[in-house]
Q: 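Have a look at this one.
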Amino acid sequence: MNQNIEVDIDLKIGFVGVGHMGSILARALSSAATDCAIYVADKKEQHILDLIDDTSCLSANAEDICKTCDIVILGMRPQGQPDFLKSVKGIVSERVNTSTDFLFVTMAAGVPMASVQNNLDYKVPVMRIMPNTPVAIEAGAIPYCTSCVDGNRGAEAKVDFLKSCWGKSAVLPRVDESQMDAVCALSGSGPAFVYRFIEAMANAGEAAGLDAETASLLAKQTVLGSAKLACDSVKSVGELADEVCSPGGTTIEGVNVLDASDFNDCVRDTVLASARRSKELSK
Ligand SMILES: NC(=O)C1=CN([C@@H]2O[C@H](COP(=O)(O)OP(=O)(O)OC[C@H]3O[C@@H](n4cnc5c(N)ncnc54)[C@H](O)[C@@H]3O)[C@@H](O)[C@H]2O)C=CC1
Ligand SMILES: O=C(O)[C@@H]1CCC=N1
């Protein structure tokens, strides 16, 4: 935890939209930011109940969150964000008459920071994040960028605070906003691609003679262990692959098939299709 963070101990943080991703981030924050009050609002009551049941999160309505919270985290889908922001524009403009010391955080795929500001009609400091679901097990990625934050000590401190809290659950590389479509496709959408690969591995294990349960267990554990070794090792993934390939052995037979296939092109097309959709959502 960063000891030099200048934040009030009674910092109020509010989530508007705690579906799949918002709830994971709220849980991560509530376990790290134990001195803060964390409020959650959602159109679906069950999503609020699930969180207040087993975290320190408190229920609140979305307008009150925008009126009073030091950090407002938007967890709704990209398509719903403009209407919501327009609906609270008046509340935010009243608020800036007394204090401008607050931060909006958006996780919506494709939505530029300027669009948050334009819909609010005010250049509020914005942090744009692209989290992924493995944040839930402290193995996530949350690339981010910011706008109107640099040089604004209050906003900078809030960004640093979120980074230190979520840093327990994720890596948080800072990227330029122009790279947000790429990180959205790679690490935001990426877990779904990896799950498809695990499924293909498990199906292949069954084809090779295993029962479904054993094939699934070994496919998951192999991806987990290989990713962990790649993260922990100083060796490149190429070197790590070479270490598995005994000369004249079994692995190289499979690797040759993979290398001769369109696997690389397929993965490239997959990630580029998601990045293209992220770009489309910005329009
Ligand atoms: N699911 C994922 O893996 C990731 C999602 N995201 C982004 O996170 C956002 C949410 O995605 P999901 O959690 O998957 O969607 P979701 O549909 O599970 O959650 C959205 C939640 O927002 C609530 N909501 C919508 N409008 C609201 C409003 N005006 N007031 C209060 N609550 C409202 C909905 O009831 C719902 O519970 C999206 O913008 C998405 O682009 C980003 C990275 C990864
Ligand atoms: O599919 C989506 O649009 C969101 C953004 C990245 C992961 N899920």
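For this chain, numbers begin at 1 and follow the sequence in order. Indexing begins at 1, ligand by ligand and atom by atom, following the structure's order.
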Q: Per the salt bridge (Lys or Arg N to Asp or Glu O under 4.0 Å) rule, what does the pair list look like for residues 230-241, sequence neighbours excluded?
A: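 As it turns out, the salt bridge (Lys or Arg N to Asp or Glu O under 4.0 Å) pairs with a partner in residues 230-241, which skip direct neighbours, are Lys228-Asp232, Lys235-Glu243.
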
Q: Please determine whether side-chain hydrogen bond (donor to acceptor under 3.5 Å, both in side chains) holds for the pair Ser99 and Asp101, giving the CA-CA distance in whole Å, both sets of side-chain angles, and the decisive distance to 0.1 Å.
A: CA-CA 5 Å; Ser99 164; Asp101 189 14; 5.3 Å; no

Q: Please check if a non-hydrogen protein atom sits closer than 4.0 Å to atom 4 (C) of ligand 2.
A: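 So atom 4 (C) of ligand 2 lacks protein heavy-atom neighbours under 4.0 Å.
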
Q: Give the residue, atom name and distance (to 0.1 Å) of the protein heavy atom nearest atom 1 (O) of ligand 2.
A: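 The closest one turns out to be Ser189 OG, 4.7 Å.
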
Q: I'd like the residue list for ligand 1, meaning every protein residue with a non-hydrogen atom under 4.0 Å from the ligand.
A: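 Protein residues near ligand 1 are Val16, Gly17, Gly19, His20, Met21, Asp42, Lys43, Lys44, His47, Gly75, Met76, Arg77, Pro78, Phe84, Met107, Ala108, Ala109, Met130, Pro131, Thr133.
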
Q: Verify the distance criterion only: is there a donor paired with an acceptor across the side chains of Ser147 and Glu177 at less than 3.5 Å?
A: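 Result is no, nothing qualifies.
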
Q: Begin from the C-alpha positions of Glu280 and Arg277 and carry the test salt bridge (charged side-chain N to carboxylate O under 4.0 Å, His left out) through to its verdict.
A: CA-CA 5 Å; Glu280 276 169 15; Arg277 179 62 184 145; 3.0 Å; yes

Q: Would you mind reporting whether Trp166 and Pro131 have side-chain heavy atoms less than 4.5 Å apart?
A: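 They are not in contact (no side-chain heavy atoms under 4.5 Å apart), so the answer is no.
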
Q: What atoms of ligand 2 come closer than 4.0 angstrom to any heavy atom of Gly188?
A: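 Within the 4.0 Å cut-off of Gly188, ligand 2 contributes 6 (C), 7 (C).
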
Q: Distance-only, no hydrogens or angles: does the Asn132 side chain make a donor-acceptor pair with backbone N or O of Ser187 under 3.5 Å?
A: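 Here the side-chain-to-backbone pair exists.
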
Q: Check each of Ile142, Leu74, Ile129 against Met107 using the side-chain contact (heavy atoms from CB on, under 4.5 Å) test, and report the only one that passes.
A: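 For Met107, the side-chain contact (heavy atoms from CB on, under 4.5 Å) test succeeds with only one of Ile142, Leu74, Ile129, which is Ile129.
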
